[in-house]
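A short write-up of the structure that comes next.
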Number of protein chains: 2
Amino acid sequence: MGPNAEQRPPVMADVAKLAGVSHQTVSRVLNDHPNVRAETRTRVMWAIDELGYRRNLVARALVTRHSRTLGVVSFDSTLYGPASTVYGIEQAARAAGYFVSIVSLRTIDRAGVTDAIGYLAEQGVDGVVVVAPQRSAARALDDLPAGMPAVAVEGGHAGDVPVVSVDQVEGARLATLHLLDLGHETVWHVSGPADWLEAEGRTEGWRAVLTAAGRPVPEVLAGDWSPRSGYRAGKRLAAMADRVTAVFVANDQMALGVLRALTEEGVKVPEQISIVGFDDIPESEFFSPPLTTIRQDFGAVGRRSIDLLVRQIQSGGPLHERLVVPPQFIARASTSPLR
Amino acid sequence: MGPNAEQRPPVMADVAKLAGVSHQTVSRVLNDHPNVRAETRTRVMWAIDELGYRRNLVARALVTRHSRTLGVVSFDSTLYGPASTVYGIEQAARAAGYFVSIVSLRTIDRAGVTDAIGYLAEQGVDGVVVVAPQRSAARALDDLPAGMPAVAVEGGHAGDVPVVSVDQVEGARLATLHLLDLGHETVWHVSGPADWLEAEGRTEGWRAVLTAAGRPVPEVLAGDWSPRSGYRAGKRLAAMADRVTAVFVANDQMALGVLRALTEEGVKVPEQISIVGFDDIPESEFFSPPLTTIRQDFGAVGRRSIDLLVRQIQSGGPLHERLVVPPQFIARASTSPLR
DNA sequence: CCGAGTGATGTGAGCGTTCACATTCCGAGC
DNA sequence: GCTCGGAATGTGAACGCTCACATCACTCGG
């Protein structure tokens with residue numbers, strides 16, 4: 001092996017030697033430092049090209065103490081909501097010049113989230129976004145490593161940490177009001193799982209509207225977001241079809257299950273029962289009938305949370321903000337006036 | 001400011017001083033080196049705890065040249081398939097002791113993928129998984145940085161890079177054969193977008209079965225995976241309802257659109273037309289009627305690809321393997337024998 | 001009772017950058 | 001021609017860890 005049998009990728013010193021400058025000048029070129037002669041710059045660029053040099057961001061991170069990487073802790077990113085949120089976050093982070101390191105948890109207990117944040121901290125992320133849609137997960141934000149910038153998405157009352165979320169209560173209000181406006185005496189509700197903050201918010205908004213209007217508040221049918229749980233709720237609703245005329249279902253997947261159950265039992269939607277969902281998944285428009293629902297702007301959630309996180313990283317101090325993204329009502333064919 | 005006004009997080013030397021050992025002994029404890037006296041170990045552990053020390057993986061990565069981070073290049077992780085694949089990859093990677101850094105591209109041209117891999121390389125990932133469902137994206141694997149271990153998922157003919165994919169052709173065969181077995185004269189096909197390898201595979205399998213059985217091969221109706229494109233295809237199929245009795249739709253979302261269009265036009269499924277989808281998204285079981293479809297095991301795809309990647313990282317050499325995950329036929333209510 | 005062997009620990013260098021500071025260069029101004 | 005100042009460049013020391021090697025303290029067989 002001669003001295004040229006180097007297998008290691010070229011480093012800054014190699015570029016410097018080839019260009020006939022010091023490693024520091026190479027660094028300056030790479031970092032767009034103003035005080036470099038144009039001719040020197042081109043010579044360095046040429047050498048970089050010649051050697052196929054790529055800078056080593058790990059070494060840079062060691063000295064700057066900034067990795068330009070953000071951590072994302074998420075949960076079951078197969079569900080449409082979390083998946084879209086994570087996608088939005090990733091897009092926004094990259095636009096802001098950050099990499100994204102993701103940990104998706106299967107179960108979402110506090111310890112799991114704390115561990116995940118710990119791993120990310122060791123890995124040197126500059127900040128974390130925690131998608132913590134459940135109470136228990138949100139609590140993990142209380143034991144953040146000192147000085148770690150963080151943002152909670154859909155995270156409820158998260159202590160010192162700023163929160164970005166879609167206004168669930170408002171969405172539920174829109175849905176429920178729409179049904180009351182159509183002349184329905186009251187509105188039934190198929191809820192999400194108990195521990196989820198989004199589920200709580202939706203139930204709360206629904207209840208608030210009914211109470212404010214002086215309408216009876218029917219018993220809540222509990223679901224777990226899955227189409228199957230909606231199907232079960234739908235069967236129960238069908239059995240009460242003489243009393244039920246309008247239902248607000250806490251997400252579109254469950255609404256699909258409800259629709260299916262009602263169809264099986266011969267209950268017509270929207271003629272006999274009106275249905276409103278939540279999320280506006282891409283499928284909703286093609287349900288039978290097309291689903292009236294509430295759209296959440298996940299892209300906006302991602303952008304806002306990254307913006308908040310980056311501002312914290314730059315300022316050093318924590319921000320006590322609470323950003324709310326408004327939901328949007330989408331009218332389709334699953335609701336009709338009470339005849 | 002006294003000398004104790006340190007704001008910086010503790011480093012290994014701090015732990016060493018407190019425990020009364022050398023930094024190297026601390027390192028040994030952290031890395032489970034066998035030759036450390038039990039008492040020393042506990043003393044070090046105590047010091048670590050006392051200071052709230054966390055090791056700095058960036059510094060470690062600099063010297064070991066391994067970041068224990070894998071890069072994932074994906075594309076629109078909002079679609080059910082890509083989202084599930086990425087989730088499976090992330091789970092498998094973490095189980096294997098790796099972090100995952102994700103780049104999701106909006107558009108999937110070759111340059112974009114090449115750039116993404118380049119960024120990940122600078123960032124020091126030990127290997128990359130490229131979810132490259134399109135021909136153009138798959139081609140980016142030809143210009144990988146030298147010595148970068150890589151695996152393509154759903155990636156077609158990807159040069160030197162091992163590929164893991166679900167057997168699309170076989171899935172399409174299962175779907176088409178099922179329909180022929182029910183007595184249908186031939187099977188129509190709503191395809192995915194042209195550039196997608198998965199779409200090609202599904203069309204190929206469908207065509208192969210028809211040809212082998214000596215049946216007429218109808219014109220392909222082109223879709224783009226979206227429910228809307230399925231809806232448009234459904235309208236056209238409804239217009240030919242006298243000739244069409246069976247349709248294989250290249251994914252479940254489009255199948256939903258087809259279903260919707262047929263329902264609107266008063267065509268009964270499965271009495272007049274039988275439909276088979278592909279993917280088995282969670283919603284399929286609750287379509288009206290519940291959709292007969294082909295299930296893909298995305299978890300298995302994730303595990304296999306990480307396994308392949310980790311083996312490459314450990315062995316140093318590239319592996320020329322090609323792993324195929326079998327699809328599964330799921331019978332539901334959207335198909336029936338030709339009367 | 002001594003030297004070899006093994007386990008436990010310490011020492012210093014180096015990973016590839018950037019930072020702080022030192023040095024050199026060059027033209028303007030007197 | 002000489003000084004001065006800012007632009008352009010170079011030098012050496014970190015950053016926090018692991019690696020290779022050195023050292024030290026024992027145990028054990030002859």
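Reckoned from all heavy atoms, side chains included, excluding hydrogens, waters and symmetry mates. Below, read A as the first sequence line, B as the second, and so on, with proteins coming before strands; counting in each chain starts at 1.
Residues Gln312(A) and Pro318(A) are in side-chain contact: their nearest non-hydrogen atoms beyond the backbone lie under 4.5 Å apart. Counting heavy atoms from C-beta on, the side chains of Val129(A) and Val73(A) never come closer than 4.5 Å.
Side-chain atoms of Asn56(A) and Arg65(B) form no donor-acceptor pair, as typed in the model, at a separation below 3.5 Å. Between the side chains of Gln123(A) and Thr69(B), at least one donor N or O sits under 3.5 Å from an acceptor N or O.
Arg110(A) is linked by a salt bridge (Lys or Arg N to Asp or Glu O under 4.0 Å) to Asp143(A), counting only residues two or more places apart in sequence or in another chain. With sequence neighbours excluded, no residue forms a side chain to side chain contact (heavy atoms under 4.5 Å, CB included) with Ala95(A). Applying the salt bridge (Lys or Arg N to Asp or Glu O under 4.0 Å) criterion to Asp109(A), with sequence neighbours excluded, gives no partner residue. When the salt bridge (Lys or Arg N to Asp or Glu O under 4.0 Å) test is applied to Arg41(A), no partner is found at least two apart in sequence or on another chain. With sequence neighbours left out, the side chain to side chain donor-acceptor pair (under 3.5 Å) criterion links Ser67(A) to Asp126(A).
Between the CG atom of Asn35(A) and the C1' atom of dA8(D) there is a distance of 7 Å, rounded to whole Å.
Contacts between residues 55-71 of chain B and DNA chain C, counted as heavy-atom distances below 4.0 Å, involve Leu62(B), Val63(B), Arg65(B). A heavy atom lying under 4.0 Å from DNA chain D marks none of the residues of residues 118-128 of chain B. For DNA chain D, the residues of residues 39-53 of chain B within the heavy-atom distance limit of 4.0 Å (strictly under) are Tyr53(B), sorted by number. Contact check of residues 19-31 of chain B against DNA chain C (heavy atom, cut-off under 4.0 Å) returns Val21(B), Ser22(B), His23(B), Gln24(B), Thr25(B), Arg28(B).
Here the side chain of Thr25(B) pairs no donor or acceptor atom with the backbone of Val21(B) at under 3.5 angstrom. At least one donor-acceptor pair under 3.5 Å links the side chain of Arg68(B) to the backbone N or O of Gly97(B). For Arg43(A) (side chain) and Ala19(A) (main-chain N/O), a donor-acceptor pair under 3.5 Å exists by modelled atom type. In this structure a side-chain-to-backbone donor-acceptor pair under 3.5 Å is missing from Asn31(B) to His33(B). Using modelled atom types, no side-chain atom of Thr40(B) and backbone atom of Val36(B) make a donor-acceptor pair closer than 3.5 Å. No donor-acceptor pair closer than 3.5 Å links the side chain of Gln296(A) to the backbone N or O of Ser165(A). Checking side-chain atoms of Asp115(B) against main-chain N and O of Gly112(B) turns up no donor-acceptor pair under 3.5 Å. Between the side chain of Arg94(A) and the backbone N or O of Phe99(A), no donor-acceptor pair lies under 3.5 Å. Although no hydrogens or angles enter the test, the distance criterion places no donor-acceptor pair under 3.5 Å between the side chain of Asp307(B) and the main chain of Arg303(B).
An end-to-end axis angle of 50° holds for the helix from dC1(C)-dG30(D) to dC30(C)-dG1(D), taken from five base pairs per end and rounded to 10°.
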For side-chain contact (heavy atoms from CB on, under 4.5 Å), just list the numbers for Leu70(A) and Leu309(A), CA-CA rounded to whole Å, side-chain angles, deciding distance to a tenth of an Å, and then say yes or no.
-> CA-CA 9 Å; Leu70(A) 265 22; Leu309(A) 189 54; 3.7 Å; yes
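Note that OG1 of Thr64(A) and CG of Leu57(A) are 9.0 Å apart. Values are rounded to the nearest 0.5 Å.
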Dump every N/O contact between nucleotides 23-25 of chain D and the protein below 3.5 Å, one line per pair.
none

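Mapping heavy-atom proximity under 4.0 Å, the span of DNA chain C touched by chain A runs 5' to 3' from dG16(C) to dA20(C).
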